[in-house]
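Down below is the structure, laid out as structure tokens.
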Amino acid sequence: MRKKTKFIIFFCLALILFPSASVRAERTTYTYTYDYWRVERESPDAYKAVETITGSKLGIGDFSNPQGLYVRGNRIYVCDTGNHRIIVLERDGYNNVQVIDQISEFKGDVENNTLSQPHDIFVTETGEYYIADTNNQRVLHLSSDAQLIKVINRPVDQTVDEASDFLPTKLVVDKAGRCFVLARNYNKGFLQYDREGEFIGYMGASEVRFNFTDYIWKLLSTQKQKSQMAQFVPTEYNNVAMDKDGFLYATNSVFEEHMLRSDEAKPIRKLNSMGTDILVKNAELPPIGDVWWDNAGGVSGSSRLIDITVLDNDIYYAIDRTRGRIFGYDDQGNLLYAFGSIGNKLGYLQFPTAIDHMDNDLIVLDSRNIGITFFTPTEYGKLINDAIMAYSVGQYELSADYWREVLRLNGNYDMAYVGIGRALLRQEKYKEAMEYFEFALDDINYSKAFQLYRKEWIEDNIIWIFTSFFLIITVPIVIGKVKKIRREVAEAE
Amino acid sequence: MKALTSRLISDTKKNKLRHLGTTLRYSLYVITHPFDGFWDLTHEKRGSLGAANVIIVAALLTNILKLQFSSFLFVKVIWEFTNLLEIVLGFLAPIVIGCLANWGLTTLFDGKGTMKDVYMAIGYSLTPYVLIQIPMIFISNLITVQEGSLYIFLHYLSVLWCGALIISAAMMIHDYALSKTLLTLIATVVGMMVIIFMLLLFFTLVSDAIAYFISLYKEISFRFY
């Protein structure tokens, strides 16, 4: 009995002396990466949600089905599609957002001076607007004070049915004033318009895919049967963004799931001016969003990337409508982190429609919780960005230092091991570089380091190698000779 | 007297060891002269069960050492999901089941070999696997991924060599022609599957039966509690 009380007292004392109340930071988003085996590994938060701003919070009435978002400088342009207006917001400092302007009509010499269901907006460096005025079947080019400059109309193209609607949904404009428009039911890629608003042609149509069995059927069927079949048509893009060099990043979500991992589906493409896909894919898997598509919470199927934004350091973020996640990739196509989920909390999304960035902050528009959510990089996210930035400008040692910091926060981060290994490789520390590459199971880089290490080792030990070779060959001969001589001597005696 | 018996015992021990040594060394002859070698292995008693055991254990050890010591460039292991028992059983069970299936089939179709012969044949056939794969563990640590074709070549060489040996062994120990051998080998594979299926069936039925008695016991104990 006494023993027991003693024990209890001791236990209480221990509790007092070593308070074990764990201090845990509130998780804001759910962040993960994939390792070499494509196993999901939890990761520290790379971005945290700062605030969700709704229309009523701004005092201009709730948004209705907002579809488009554009950021230029510290201004945010939101297409409040259902309310037929464009809202211009200004963000100063951390989270102070104010309404600057609302555009719902413009001055100019056309029949209809109001917007109808605008789906997207682009703002040039000089502050001119390009607005996809979807239900009016036109793209408007307005000056910064809402004066009409020009109207871009349906393309003059014999192959398009005149009776069909021309519904421009997404657009970007390059520095030369060329306008690239995505329109619903146009499947030849981007509609390209020149400075004057003349239709030049199509760009970047994705190749036609067809099912082989369908193809056989089509070969065997009559003309009449063929006309009743579905046609093989190229897929449509669903969104577009332009990077700082003027390349177009397009997303598409029409594909069969089995095409994703083999890189046939190409949900993200980077198009050059010829319309060819030049996205760099040096990772184990192409950028496809989620790798495993588990069926949970009423959600199933692969990621459907519906918008993309490209930072100045060539990191791009694509947003997935299936699970409300944001995927960050570097310029080599490595997944940096994925975060977010479907839900009602801050930082969780319901039906994202657009994403854009302001410096390194991400801004996401959601049409179901009718708000704009701001994500800002955490220390961890900043370190990763810095490391990639330092590497891209050639400061390899600095980059390795950043990666070491990243590793301190997340030991499961394969890219950090590779990053440090690369820097060590450049410093000709092959042995250490090999260790780091082995952590990340990086065959190619490991082989590079190993080849150099092997060469160095052989050069250092060339004397010993030759000596041992020499000994192995000569010693038996000498021994044989000696024995022979001895035998001869013995015989002679 | 005592000294004499102990010397006799040590002599027989020595002889046994010597016998094991010669029969082991004979495996080198077998893999280079398969037809002649396998014929003599069983008909001239030049092989031994002990040697076959040694080779099989060596092959098993090779498999395990390969996981641990090969360069990660060629053998990538997820240690979290690696189970030693699984590796051991995954290697030994096919051999045992294969012996059973092959012997069972060939006795029905005038095969001359006994179960012991089949087992010895399998053991001796694995010799090239051991002889090639063990040096490959060292080689893998000396080459880069670009030079990996050497590794892949050696790997296939060892496996194909073993396959060829098994075919010639089956021909010799059962005194079959080539076509009949190939047919029996395919049938052996089918037989192995049947055996595995029967085992699974047996175990599920047994566990069902046990579960039945357990529930019966529970039911009765609740009644009388």
Side-chain angles (χ1 to χ4, degrees), chain A residues 32-43 282-285 291-292 411-415 417-418 420-422 424-425 428-462 464-465 468-469 472, chain B residues 21 25 28-29 32 60-91 128-160:
Chain A
Y32 63 94
T33 56
Y34 289 107
D35 70 359
Y36 176 85
W37 302 107
R38 301 172 187 179
V39 177
E40 280 176 22
R41 298 285 185 193
E42 269 189 70
S43 133
N282 285 339
E284 293 285 330
L285 275 176
V291 177
W292 305 111
N412 280 332
Y413 203 61
D414 283 355
M415 276 191 69
Y417 291 109
V418 177
I420 297 171
R422 275 191 190 146
L424 289 169
L425 191 61
E428 306 192 344
K429 290 178 186 163
Y430 305 128
K431 184 82 181 159
E432 287 144 74
M434 276 159 61
E435 260 171 47
Y436 276 96
F437 290 137
E438 190 168 353
F439 279 133
L441 297 178
D442 185 336
D443 292 0
I444 304 296
N445 280 319
Y446 178 89
S447 290
K448 266 184 213 162
F450 178 64
Q451 204 169 12
L452 292 164
Y453 174 70
R454 193 173 59 181
K455 191 170 155 239
E456 201 180 61
W457 188 86
I458 289 175
E459 277 166 8
D460 287 351
N461 295 293
I462 194 78
W464 299 112
I465 293 168
S468 51
F469 254 108
I472 286 167
Chain B
R25 199 167 340 117
L28 295 180
Y29 179 78
T32 45
L60 177 58
L61 276 178
T62 314
N63 263 349
I64 296 168
L65 292 177
K66 200 165 119 182
L67 292 187
Q68 175 69 57
F69 294 109
S70 286
S71 168
F72 82 96
L73 297 180
F74 304 105
V75 183
K76 290 191 178 68
V77 192
I78 319 181
W79 290 111
E80 290 161 78
F81 305 127
T82 310
N83 184 347
L84 189 62
L85 201 66
E86 228 168 63
I87 296 168
V88 172
L89 282 182
F91 185 77
Y129 187 78
V130 179
L131 288 183
I132 297 178
Q133 295 276 350
I134 289 214
M136 266 165 67
I137 296 175
F138 292 101
I139 293 171
S140 78
N141 284 300
L142 298 178
I143 57 177
T144 62
V145 111
Q146 286 84 7
E147 298 146 4
S149 44
L150 173 73
Y151 187 88
I152 292 161
F153 168 75
L154 284 176
H155 179 79
Y156 280 117
L157 178 71
S158 72
V159 171
L160 288 179

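Heavy atoms only: backbone and side chains are in, while hydrogens, waters and symmetry mates are out. Throughout, protein chains are lettered first and strands after them, A, B, ... in sequence-line order, and every chain is numbered starting at 1.
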Would you compute the distance between atom OH of A/Tyr446 and atom OG of B/Ser71 and round it to the nearest 0.5 angstrom? 4.5 Å

Taking everything shown except A/Trp464 itself, do over 12 heavy atoms lie less than 6.0 Å from its CH2? no

Is B/Lys76 salt-bridged to A/Glu284, going by a charged N under 4.0 Å from an acidic O? no

Give, for atom CZ of B/Phe72 and atom CG of A/Asp442, the distance between the pair rounded to the nearest 0.5 Å. 7.0 Å

Just wondering, do A/Arg454 and B/Thr144 contact through their side chains at under 4.5 Å, heavy atoms? yes

Between A/Phe437 and chain B, which part of the residue has a heavy atom less than 4.5 Å away: side chain, backbone, both or neither? backbone

With respect to chain A, which residue among B/Ile143, B/Leu142, B/Val145, B/Ile78 yields the maximal number of heavy-atom pairs within a distance under 4.5 Å? B/Ile78

